[in-house]
Amino acid sequence: MANLNDSVRAALDACGASGYEGPHATRTPLTGEELIGTVEHTANDVDQAIAKAQAAFREWRNIPAPVRGNVVKRWGELLTEHKRDLAVLVQAEAGKSMSEAMGEVQEMIDICDFALGQSRMLWGKTMPSERPGHRLMETWHPLGVVGIISAFNFPVAVYSWNTALALVCGDTVVWKPSEICKLSAIGADALLARAVKDCDAPADIHQLILADRAAGEQLVNDPRVALVSATGSTRMGREVGPKVAARFGRFLLELGGNNAAIVAPSADLDLALRGVVFAAAGTAGQRCTTMRRLLVHESIADQFVDKLVAAYKTLTIGDPRDESVLVGPLVNKASFDKMQNSIAAAQEQGGTLLVGGKRVLEDQFADAYYVEPAIVKMPSQTDIVREETFAPILYVMTYTDLDDAIEVHNEVPQGLSSAIFTSDQAESEKFLSASGSDCGIANVNIGTSGAEIGGAFGGEKETGGGRESGSDSWQAYMRRATNTINYSGELPLAQGVKFL
Ligand code: UN1
């Protein structure tokens with residue numbers, strides 16, 4: 001296999017990145033070896049980045065939205081051209097299979113297309129005024145500087161959902177990527193810099209911050225940052241939300257999930273099997289949308305779980321630079337330790353480990369953590385099942401009545417994604433109804449992960465309530481003004497009030 005840092009350097013060069021090298025190196029989850037080091041920004045650099053983004057906003061907000069759209073159009077073209085380069089960087093830092101890393105870059109391309117269209121659709125409503133000779137309408141304006149804090153598991157896609165929309169909406173962005181995914185960030189940002197240059201847009205509309213957690217806190221606390229869009233753990237969101245709210249800033253949170261699927265007796269079991277295995281074991285269980293709980297009807301439970309266990313035994317685990325590999329490494333040792341602790345806790349709480357859970361390839365990679373995805377059969381939804389462990393553990397439970405299954409389904413603190421596998425329309429409608437799934441994403445005959453960018457993405461409860469990417473999520477990046485225009489030549493007051 002080619003030397004990893006040679007491939008990484010070649011990918012960064014191809015993206016047009018320069019001037020990023022420095023002493024701060026992180027380890028790749030693929031082998032545990034050190035990747036190329038990067039520069040580290042100081043608190044003063046962060047301050048300057050916000051100031052530059054704020055200054056650029058004064059110009060950017062006045063450029064017509066469809067013209068702003070050209071920047072994301074060009075970014076999308078460059079991302080298409082350099083899809084594999086950026087995927088190499090994503091794989092080196094997040095440990096994904098090449099197909100999933102390419103899929104992540106495809107999400108970026110898709111949101112660029114979407115945002116380009118949106119740039120001509122930042123529409124406001126007109127409402128009938130109660131007064132003659134008056135017009136009532138709303139207009140949407142850019143907010144200002146958007147601070148983006150992103151996580152390791154989708155190091156570039158989630159950032160791009162925010163950036164592409166923020167830019168067409170007329171905002172400028174300051175991005176603090178994950179501390180362990182700086183090279184992917186440098187590649188993605190270099191491509192955006194090229195798009196900005198090719199379109200003669202103001203150079204400072206995007207700022208990249210390479211720094212640790214303190215830089216994120218700076219974005220959270222700085223009143224010049226109008227919107228903080230943060231992806232990460234519920235613990236992180238619990239700190240970010242109140243701090244931004246205290247200064248009356250806006251926040252958009254995309255936090256933990258504890259996603260479940262219900263498999264009903266009428267389900268197409270082969271289809272359900274593929275849906276469950278991808279959602280539960282894909283990306284080594286490190287998506288916020290990963291399926292972590294399975295509720296199977298008791299009449300098919302033995303049959304379905306046997307099939308699932310058999311399918312898990314066929315999963316290829318290893319260095320995903322080998323393109324036949326489906327399951328790459330966990331991100332680091334801490335993640336591996338958490339997985340082990342959760343499996344042990346599940347066993348203490350009455351669970352039976354049916355398959356997986358063991359570390360593999362330890363001889364080959366002392367500092368990389370490859371694990372067999374695990375399935376644990378649980379007698380009920382115990383405390384550990386209510387927690388999100390960011391690793392491939394699928395807790396399996398059985399049910400007899402769909403209403404009870406939906407109760408159990410909703411009885412966790414998180415509310416991101418959910419699914420039902422069924423051929424019974426009444427069951428599927430029930431799951432999608434007001435008394436069905438309480439999640440931001442509710443699917444039928446599809447797993448919990450792998451959402452398309454065209455829908456709004458996000459969830460309820462401890463998932464944070466934010467919505468990113470498609471549908472009308474653009475509104476989060478703008479402020480609304482209500483305008484009443486009087487062309488009557490009189491001054492009738494609303495509600496029939498008389499004065500003077
Ligand atoms: C995430 O894990 O933070 O729906 C985002 C999915 C992807 C995005 C996941 N489209 O799984």
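Each ligand, and each atom within it, is numbered from 1 in the order the structure gives. Atom set for the values below is all heavy atoms of this structure, side chains included, hydrogens, waters and symmetry mates excluded. Just so you know, these numbers come straight off a predicted model, no measurement behind them.
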Heavy atom under 4.0 Å from ligand 1: found in Glu254's side chain, backbone, both, or neither? side chain
Which protein heavy atom lies closest to atom 4 (O) of ligand 1, and at what distance to 0.1 Å? Ala451 N, 2.7 Å
State whether the shortest distance between N or O atoms of Gly450 and N or O atoms of ligand 1 falls below 3.5 angstrom. yes
So, does Arg292 use its side chain to make a donor-acceptor pair with the main chain of Ala260 at under 3.5 Å? no
For atom 9 (C) of ligand 1, what is the closest protein heavy atom, and at what distance to 0.1 Å? Phe154 CE1, 3.5 Å
Aromatic ring proximity Trp140/Trp474, centre distance under 6.0 Å: yes
Measure from the ring center of Phe304 to the ring center of His297 and say whether it is less than 6.0 Å. no
Nearest non-hydrogen protein atom to atom 11 (O) of ligand 1, with distance, is Thr289 OG1, 2.7 Å
Should Gln286 be listed as contacting ligand 1, given a heavy-atom distance under 4.0 Å as the test? no
May I ask you to check whether Cys288 has an N/O atom sitting below 3.5 Å from an N/O atom of ligand 1? yes
Polar contact flag for Asn153 and ligand 1 (N/O pairs, less than 3.5 Å): yes
What I want to find out is whether Glu372 reaches Lys313 closely enough, with some N-O distance under 4.0 Å, to be called a salt bridge. no
Per-residue contact class, Ile453 against ligand 1 - non-hydrogen pairs under 4.0 Å: neither
Do any N/O atoms on Phe457 end up under 3.5 angstrom from N/O atoms on ligand 1? no
Between the main-chain N or O of Ile205 and the side-chain N or O of Thr172, is there a donor-acceptor pair closer than 3.5 Å? no
for atom 7 (C) of ligand 1, nearest protein heavy atom and its distance come out as Glu107 OE2, 3.3 Å
Verify, without hydrogens or angle tests, whether Arg293 (side chain) and Asn258 (backbone) share a donor-acceptor contact under 3.5 angstrom. yes
Are any side-chain N or O atoms of Asp171 and backbone N or O atoms of Gly144, one a donor and one an acceptor, separated by less than 3.5 Å? yes
Look at the rings of Tyr159 and Trp175 and say which category their plane angle falls in: under 30° parallel, 30 to 60° tilted, over 60° perpendicular. parallel
May I ask you to check if ligand 1 and Arg287 share an N or O to N or O distance below 3.5 Å? yes
